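Data block below; observations after.
Being a predicted model, the structure only gives us computed values, none of them experimental. Order of the sequence lines fixes the chain letters, A, B, ..., with proteins taken first and strands second; residue numbering starts at 1 for each chain.
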There are 2 protein chains.
Amino acid sequence: MESAKQFRKRNAILACLRASKAHPSAETLYQMLQKEQPDISLATVYRNLALFKSQGIISSVATVNGVERFDGTTEPHVHFVCTGCGAVQDLLQVEQPDYSGFAQRLGCRIDTTQLTLSGLCRDCLGNTRKSPKS
Amino acid sequence: MESAKQFRKRNAILACLRASKAHPSAETLYQMLQKEQPDISLATVYRNLALFKSQGIISSVATVNGVERFDGTTEPHVHFVCTGCGAVQDLLQVEQPDYSGFAQRLGCRIDTTQLTLSGLCRDCLGNTRKSPKS
DNA sequence: TATCAAAATAAGAATGATTATCAAATAGAA
DNA sequence: TTCTATTTGATAATCATTCTTATTTTGATA
């Protein structure tokens with residue numbers, strides 16, 4: 001009626017995911033949202049992430065230590081998963097090949113292509129070294 | 001003492017995984033093993049799969065509907081995941097690019113490269129059609 | 001073969017991520 | 001406002017995976 005119309009939780013969740021480059025899990029997203037949506041429920045986060053995914057407006061890009069990680073876009077690009085700290089980052093420098101043309105040859109319909117590299121990120125590599133950078 | 005020496009469960013698990021091309025889950029592997037190892041425990045399957053993975057002699061190639069799927073080798077190759085039936089198949093026809101050389105440029109250590117296509121397999125495509133093949 | 005320590009296992013409890021349930025709150029149209 | 005459909009919060013339920021512990025098996029050695 002008078003005050004600024006409150007955004008739906010749904011909008012806040014999508015905005016928060018899109019604002020992040022960390023490919024958060026549902027739980028992490030829930031924690032990030034607490035600041036602006038203190039009364040949000042974890043179930044709502046899960047529920048809406050599932051909805052967005054079914055609508056094709058977000059994607060899940062990896063499962064790290066049994067936890068699903070999300071990306072606010074569906075633009076195809078390569079990801080790097082650090083097996084040390086669990087971080088997931090975009091590798092925009094690496095071109096993702098397009099295999100959609102193979103569908104007919106393979107007898108199937110290809111909807112998505114996901115290329116994921118994994119290993120140790122720069123930080124985790126550094127922490128492994130005997131002598132840290134002097 | 002006298003009878004043929006019984007194989008360890010561990011060996012049976014690895015052999016069963018290697019004999020399969022279906023990229024089974026731990027649970028599916030457990031069910032497949034029941035014939036020859038009726039008294040095997042599901043925990044043993046999980047335990048040994050984790051061991052094999054840490055030894056680098058098997059790999060987990062996908063998570064389908066929240067369930068981890070395994071491959072008896074670590075030879076890099078492309079996989080196709082059907083979002084209809086959950087089947088995971090090798091795509092040996094599709095060459096998997098090698099990005100290990102990017103490590104230095106990216107400042108990280110790349111251990112594995114995983115390329116996964118997903119969509120609908122031939123069977124699930126067929127079942128979608130209004131009129132099945134006459 | 002008997003004995004012993006280390007490794008492997010079965011059974012089931014515990015954990016933790018995700019999903020389902022349902023009553024209450026909210027949005028949007030009339 | 002009033003009505004109805006949608007969305008949500010709280011929490012219970014589910015399900016994959018891991019942990020625990022007592023027991024069994026292995027392999028070495030005497």
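- Heavy atoms of A:Glu68 sit under 4.0 angstrom from primed sugar atoms or phosphate atoms, though from no base atom.
- With 3.5 Å as the limit, one finds a donor-acceptor pair spanning the side chains of A:Glu68 and A:Ser60.
- A:Gln114 is not listed as a side-chain neighbour of A:Val78, based on a closest heavy-atom distance of 4.5 Å or more.
- Neither OP1 nor OP2 of D:dT24 sits under 4.0 Å from any side-chain N or O of B:Lys9.
- By the 4.5 Å heavy-atom criterion applied to side chains, B:Pro24 and B:Met32 are counted as neighbours.
- Residues B:Phe52 and B:Arg10 have side chains in contact (heavy-atom distance under 4.5 Å, counting atoms from C-beta outward).
- Shown here, D:dA30 forms a base pair with C:dT1; the pair counts as Watson-Crick or G-U wobble because both key distances fall under 3.5 Å.
- The distance from atom CZ of B:Arg8 to atom P of D:dT24 is 16 Å, rounded to the nearest whole Å.
- Inspection of the B:Thr112 and A:Ser118 side chains reveals an N or O donor paired with an N or O acceptor under 3.5 Å.
- Atom CG of A:Asp39 is separated from atom P of D:dT8 by 11 Å (rounded to the nearest Å).
- Near DNA chain C, meaning a heavy atom under 4.0 Å from it, residues 40-56 of chain A has A:Ala43, A:Tyr46 in order of number.
- D:dG9 atom P lies 10 Å from atom CG of A:Leu33, rounded to whole Å.
- Here the P atom of nucleotide D:dT6 and the CG atom of A:Asn11 are 17 Å apart, to the nearest Å.
- What separates CG of B:Leu29 from P of D:dA16 is a distance of 15 Å, to the nearest Å.
- For the pair A:Arg10 and D:dT8, the criterion of a side-chain N or O lying under 4.0 Å from OP1 or OP2 is met.
- Distance CZ (B:Arg69) to C1' (D:dT17): 16 Å, rounded to an integer number of Å.
- Across A:Leu115, A:Asp71, A:Leu91, a single residue satisfies side-chain contact (heavy atoms from CB on, under 4.5 Å) together with A:His77, and that is A:Asp71.
- To the nearest 0.5 Å, atom CD1 of residue A:Ile58 and atom CD1 of residue A:Ile13 are 9.5 Å apart.
- Rounded to whole angstrom, the span from the OH atom of B:Tyr30 across to the P atom of C:dA10 amounts to 9 Å.
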